[in-house]
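Since the model is a prediction, treat every value here as computed from it, not as a measurement. FYI, the numbering just counts along the sequence from 1. Excluded from the calculations below are hydrogen atoms, water molecules and symmetry mates; all remaining heavy atoms, backbone and side chain alike, are included.
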Amino acid sequence: MTSSSHEPYVSELRHIVTVAGLNYEIWWALKSDQTRPQSIDVLNRYPIYFQTAIHAHFVALLVNLYKLYETRKDTYNIPRFLNILQGEAALGSSVLASLDRQYRDVKPLWVKVNILRNKVFGHHSAAHSVEDAFREAAVTPNELRDLVSKTKSLLNELTQNLDRSTHAFNLGSGGEVVEVLEALQRAKRAP
């Protein structure tokens, strides 16, 4: 593969982690103790919508995080891309070692995502209850946030060394969710 033939991989992986990050921000803005108390009236006014939205964004977050680190040979994923780059000697050994360390650092977080994706959301295991799977995964919101953040860093180090590019990953959605909730609060109070 040449540098230009790496572009589909880079583009797809950047897109997947961006979508994961946006879904994390929306889910957390609706779920966190920092924003929820100020918006509880609105959330209770439209409970079916917000319960469904919280669930949908959590599932979308997990599905996208899962895709980033699965090891299939027929999908865009980080482990496969790292193997391709190593096989081509496209990056120096010190860069590959750094990327491998970062991958090994996030793998335990991804395993938690894998448990939830495979036992609850991608498939619903008859052998495990949803509660059992969540207990087994024992994943925290901060760990999900960290997995998104560390993946962005890994991709930027990879592309900086591959073709001297980085991605800003500057789309944000959490602030917009808060603005929507505040607008709904104001509309509720309006005469």
Side-chain angles (χ1 to χ4, degrees), residues 13-70 78 102-103 105-157 166-191:
L13 292 173
R14 283 175 173 166
H15 174 74
I16 294 168
V17 74
T18 297
V19 171
L22 292 171
N23 278 287
Y24 173 83
E25 288 182 19
I26 293 169
W27 168 73
W28 191 237
L30 293 172
K31 189 83 175 152
S32 101
D33 290 340
Q34 295 167 341
T35 52
R36 194 172 179 83
Q38 300 91 299
S39 307
I40 200 71
D41 291 344
V42 170
L43 297 171
N44 287 337
R45 187 171 184 182
Y46 307 102
I48 301 298
Y49 171 78
F50 283 111
Q51 289 169 11
T52 303
I54 289 166
H55 176 79
H57 289 291
F58 185 70
V59 173
L61 165 65
L62 292 177
V63 166
N64 282 284
L65 288 174
Y66 177 86
K67 289 191 304 188
L68 286 165
Y69 291 99
E70 69 175 345
I78 290 171
Q102 290 176 67
Y103 169 63
D105 179 49
V106 299
K107 184 140 188 208
L109 299 177
W110 179 81
V111 167
K112 294 177 177 205
V113 167
N114 180 42
I115 291 166
L116 295 179
R117 188 267 186 196
N118 287 331
K119 292 185 177 179
V120 179
F121 299 109
H123 317 281
H124 191 161
S125 172
H128 305 91
S129 71
V130 170
E131 293 80 14
D132 289 342
F134 271 90
R135 215 175 356 268
E136 179 185 352
V139 68
T140 67
N142 288 344
E143 289 174 322
L144 295 171
R145 181 202 61 217
D146 290 350
L147 183 53
V148 171
S149 177
K150 289 177 179 186
T151 301
K152 290 174 182 179
S153 294
L154 185 153
L155 287 174
N156 272 339
E157 181 176 336
T166 58
H167 190 72
F169 294 113
N170 58 359
L171 291 178
S173 53
E176 287 185 10
V177 172
V178 171
E179 289 176 19
V180 166
L181 293 171
E182 289 170 351
L184 288 170
Q185 279 288 80
R186 286 190 301 276
K188 181 181 175 225
R189 288 191 296 259

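- The distance from atom CD1 of I115 to atom OG of S125, rounded to the nearest 0.5 Å, is 11.5 Å.
- Shown here for A133 and V120, the closest heavy-atom pair between the two residues is CB-CG2, 3.4 Å.
- Applying side-chain contact (heavy atoms from CB on, under 4.5 Å) to V63 and the options L61, V59, L65 leaves one that passes, V59.
- Between the side chain of Q185 and the backbone N or O of Q38 there is at least one donor-acceptor pair closer than 3.5 Å.
- One finds the CG atom of L154 at 10.5 Å from the CG atom of L147 (value rounded to the nearest 0.5 Å).
- By the 6.0 Å contact criterion, NE2 on H15 is open, its count of non-hydrogen atoms from other residues, nucleotides or ligands being 12 or less.
- Once rounded to the nearest 0.5 Å, the distance linking CZ of R145 with OH of Y24 reads 5.5 Å.
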Steps toward side-chain contact (heavy atoms from CB on, under 4.5 Å) verdict (L30, I26): CA-CA 6 Å; L30 293 172; I26 293 169; 4.1 Å; yes
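- Minimum interatomic distance between V178 and T35 (heavy atoms only, all atoms of both residues): CG2-CG2, 3.7 Å.
- Between the side chain of E143 and the main chain of L109, no donor-acceptor pair closer than 3.5 Å is present.
- Counting all heavy atoms, side chain and backbone alike, N44 lies closest to P47 at O-CD, 3.2 Å.
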Residues L43, R36; criterion side-chain contact (heavy atoms from CB on, under 4.5 Å); working and verdict: CA-CA 8 Å; L43 297 171; R36 194 172 179 83; 3.5 Å; yes
Steps toward side-chain contact (heavy atoms from CB on, under 4.5 Å) verdict (K119, E136): CA-CA 10 Å; K119 292 185 177 179; E136 179 185 352; 2.6 Å; yes
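- The distance from atom CG of N23 to atom CG of L144, rounded to the nearest 0.5 Å, is 11.5 Å.
- To the nearest 0.5 angstrom, L155 atom CG is 10.5 Å from K152 atom NZ.
- Looking at R186 and E182, their side chains come closer than 4.5 Å, going by heavy atoms from C-beta outward.
- Formation of a donor-acceptor pair under 3.5 Å by the S39 side chain with backbone atoms of V42 is not found in this model.
- Between V180 and L184, the closest side-chain pair of non-hydrogen atoms falls below 4.5 Å.
- Under the 3.5 Å distance criterion, with hydrogens and angles disregarded, no donor-acceptor pair is assigned to the side chains of N114 and R117.
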Trace of the side-chain contact (heavy atoms from CB on, under 4.5 Å) decision for L116 with F58: CA-CA 11 Å; L116 295 179; F58 185 70; 4.2 Å; yes
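- Residues T18 and H167 come closest through the heavy atom pair OG1-NE2, 4.3 Å.
- Ring geometry for F134 against F121 counts as perpendicular: the plane angle is over 60°, on a 0 to 90° scale with 30° as the lower cut.
- With values rounded to the nearest 0.5 angstrom, T151 atom OG1 is found 9.0 Å from F169 atom CZ.
- The shortest heavy-atom contact between S32 and P37 is O-CD, 4.1 Å.
- Scanning both residues, Y66 and V113, for their nearest heavy atoms gives N-CG1, 3.8 Å.
- The main-chain N or O of A138 is found under 3.5 Å from a side-chain atom of K112 such that the two form a donor-acceptor pair.
- Counting heavy atoms from C-beta outward, L62 and W27 have side chains that stay 4.5 Å or more apart.
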